[in-house]
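The shown structure was predicted, so the numbers you read here are calculated from the model rather than taken from an experiment. Naming convention: chains lettered A, B, ... in sequence-line order (proteins, then strands); numbering from 1 in each chain.
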Protein chains: 2
Amino acid sequence: MAGGQRRRPGETREKLMTAALTLVGKGRHFASIGIREVTRQAGVVPTSFYRHFRSVDDLGLQLVDELGLVLRRMMREARENVLQADKLIEESVGIFVAHALANRNFFMFMAQGLAGESRAVQEGIRSEMRFFASELANDLRRLKLLEHLSDSDLDMTCDLVVRTVAFSLTDILSISPEDDYQIEQVRKRTTRFLQLILIGAGHWQSD
Amino acid sequence: MAGGQRRRPGETREKLMTAALTLVGKGRHFASIGIREVTRQAGVVPTSFYRHFRSVDDLGLQLVDELGLVLRRMMREARENVLQADKLIEESVGIFVAHALANRNFFMFMAQGLAGESRAVQEGIRSEMRFFASELANDLRRLKLLEHLSDSDLDMTCDLVVRTVAFSLTDILSISPEDDYQIEQVRKRTTRFLQLILIGAGHWQSD
DNA sequence: ACATCTAGTGAACAACTGTACACATTGAAA
DNA sequence: TTTCAATGTGTACAGTTGTTCACTAGATGT
């Protein structure tokens with residue numbers, strides 16, 4: 001009974017990536033996941049793995065690429081829904097929290113990868129964050145906000161904002177997704193963090 | 001030739017913990033380290049492990065306790081050297097960076113543990129950070145800084161400061177310890193982050 | 001129609017893993 | 001001095017791991 005029946009192209013590849021994310025979502029750390037474990041979770045024979053990835057690290061790298069897409073979707077939604085400047089922070093944080101809950105496994109992978117084992121994955125996630133920060137700087141310029149800041153100071157501010165939000169990720173992911181109260185607490189606190197930062201940016205270099 | 005010659009009590013225990021940290025320092029992620037690997041690195045037979053720890057997670061928990069000591073040492077040094085308020089941020093960040101470099105492996109373990117596999121280790125590190133933040137709040141009160149802030153707002157600010165510094169950790173640890181230039185860059189950027197935050201705190205609720 | 005390529009299968013293997021057990025040595029308590 | 005708990009060692013074993021190999025069903029290009 002050997003031999004594979006052809007399905008949709010790339011189907012197994014997707015199954016393997018989803019399987020890895022599922023394991024991460026179950027609490028496993030990506031660095032401790034092995035090939036056999038992923039294929040078992042995906043319902044595929046171990047050998048199949050090598051048809052799509054050279055190693056688990058390779059799979060991780062491709063997950064980072066998909067993570068980039070998730071982040072871009074989130075960014076787009078934020079831009080569509082946050083038109084005027086007031087309530088900007090609250091709405092953005094809300095969208096972020098919603099996406100973090102909806103793509104829990106992806107964001108868990110991201111949080112793990114920041115201090116992960118694979119240097120390449122680490123750098124990939126870092127790079128996504130830099131991109132995110134620079135897009136944020138563009139948006140603020142477009143909205144005519146913080147106009148008194150130099151480019152470099154604006155970049156610094158956006159970097160800090162992104163880091164703060166990323167750290168909140170670990171808060172969100174460490175609590176049960178059904179615990180609405182605690183989620184709400186994190187949402188409020190993150191909002192206050194960002195407000196504090198933007199107030200600081202508003203007075204930066206002007207005193 | 002079986003049988004153990006008694007050495008200093010707790011010597012093997014220390015050797016095992018140091019071995020785990022060494023592996024982490026070499027780039028391995030704590031979640032992917034096994035018992036045999038630790039004992040091999042420590043130059044000890046695998047069975048010895050069980051004399052001191054129930055599992056690798058257990059070892060992790062005890063590492064968190066030691067991490068607490070490292071953090072307290074750092075805090076004490078900061079309090080001794082930072083007497084007056086001006087230059088407070090720069091000196092504190094300097095001390096932090098120095099300690100991060102001197103105890104690289106410990107801080108790597110910390111950065112990993114924040115999004116690690118063991119819930120207990122995660123919570124332990126989080127708890128250390130909370131403690132650190134509350135001590136920082138005490139110090140600021142003692143120095144008569146940010147006196148216009150309510151207790152809860154001061155806590156929030158200190159939380160944000162600690163998070164920001166913790167995130168800088170991943171920056172420091174991702175660059176080679178000999179790359180003085182890049183270390184200096186991180187030091188400067190972290191300082192600016194904290195200055196921005198404290199400016200924000202200074203104007204919080206007052207406009 | 002035919003050859004080729006892609007993506008699947010199962011069996012095999014050596015290396016490594018966690019853990020259990022019986023035993024040895026020692027410092028301190030009795 | 002005898003006893004004993006603590007801490008070390010060596011051997012053993014069953015289960016898991018990553019990876020190679022030979023094989024095949026179906027899609028694709030000519």
Side-chain angles (χ1 to χ4, degrees), chain A residues 1-24 26-63 65-66 116-121, chain B residues 1-24 26-63 65-66 116-121:
Chain A
M1 282 288 273
Q5 59 277 38
R6 181 68 68 86
R7 317 255 171 111
R8 202 174 73 257
E11 181 176 351
T12 304
R13 206 188 86 106
E14 271 182 41
K15 272 204 282 190
L16 287 169
M17 294 176 78
T18 308
L21 284 181
T22 304
L23 288 171
V24 166
K26 282 183 182 170
R28 300 291 317 280
H29 194 287
F30 188 76
S32 75
I33 293 179
I35 288 177
R36 283 191 115 102
E37 206 177 352
V38 179
T39 56
R40 201 182 310 130
Q41 171 76 32
V44 166
V45 97
T47 344
S48 274
F49 186 90
Y50 296 99
R51 299 283 182 205
H52 304 278
F53 310 100
R54 243 174 289 124
S55 62
V56 184
D57 271 7
D58 184 29
L59 190 158
L61 274 180
Q62 308 206 28
L63 277 180
D65 290 343
E66 280 215 29
E117 188 162 84
S118 157
R119 207 40 94 96
V121 167
Chain B
M1 284 289 273
Q5 58 277 41
R6 182 69 69 84
R7 316 260 170 108
R8 202 174 72 256
E11 181 175 353
T12 304
R13 205 187 87 107
E14 271 181 42
K15 271 203 283 191
L16 287 169
M17 295 177 77
T18 308
L21 284 181
T22 304
L23 289 171
V24 166
K26 281 183 183 171
R28 302 292 317 279
H29 194 289
F30 188 77
S32 74
I33 294 180
I35 287 178
R36 282 191 115 103
E37 207 178 351
V38 179
T39 55
R40 200 183 310 129
Q41 170 76 36
V44 166
V45 98
T47 345
S48 273
F49 186 90
Y50 296 101
R51 300 284 183 204
H52 304 277
F53 310 100
R54 243 174 291 124
S55 62
V56 184
D57 271 7
D58 185 28
L59 190 157
L61 274 181
Q62 308 207 29
L63 277 180
D65 290 344
E66 279 214 31
E117 188 161 83
S118 156
R119 204 45 90 98
V121 168

Nucleic acid contacts of residues 38-50 of chain B, taken as heavy-atom distances under 4.0 Å to DNA chain C: B/Arg40, B/Thr47, B/Tyr50

Atom pair CG (A/Leu23) and CZ (A/Phe30), whose distance is rounded to the nearest 0.5 Å: 10.0 Å

Distance in Å, B/Phe53 CZ paired with B/Ile35 CD1, rounded so as to fall on 0.5 Å steps: 10.5 Å

Partners meeting side-chain hydrogen bond (donor to acceptor under 3.5 Å, both in side chains) with A/His52 (sequence neighbours left out): none

Which nucleotide in C/dA7, D/dT17, D/dT7 has an atom nearest any side-chain atom of A/His52: C/dA7

Rounded distance (Å) that lies between atom [atom2] of [N] and atom [atom1] of [X]:
{"X": "B/Arg36", "N": "D/dT17", "atom1": "CZ", "atom2": "P", "value": "16 Å"}
{"X": "B/Ile35", "N": "C/dG18", "atom1": "CD1", "atom2": "C1'", "value": "6 Å"}
{"X": "B/Glu11", "N": "C/dT26", "atom1": "CD", "atom2": "C1'", "value": "14 Å"}
{"X": "B/Arg13", "N": "D/dA6", "atom1": "CZ", "atom2": "P", "value": "15 Å"}
{"X": "A/Arg54", "N": "D/dT19", "atom1": "CZ", "atom2": "P", "value": "12 Å"}
{"X": "A/Arg28", "N": "D/dT16", "atom1": "CZ", "atom2": "P", "value": "14 Å"}
{"X": "B/Leu16", "N": "C/dG18", "atom1": "CG", "atom2": "P", "value": "13 Å"}
{"X": "A/Phe53", "N": "D/dG18", "atom1": "CZ", "atom2": "C1'", "value": "17 Å"}

Sub-4.5 Å side-chain heavy-atom contact between B/Asp65 and B/Leu61: no

Side-chain (A/Gln41) to main-chain (A/Ala19) donor-acceptor, under 3.5 angstrom: no

Exam field: side chain B/Arg36 to backbone B/Arg40, donor-acceptor pair closer than 3.5 Å: no

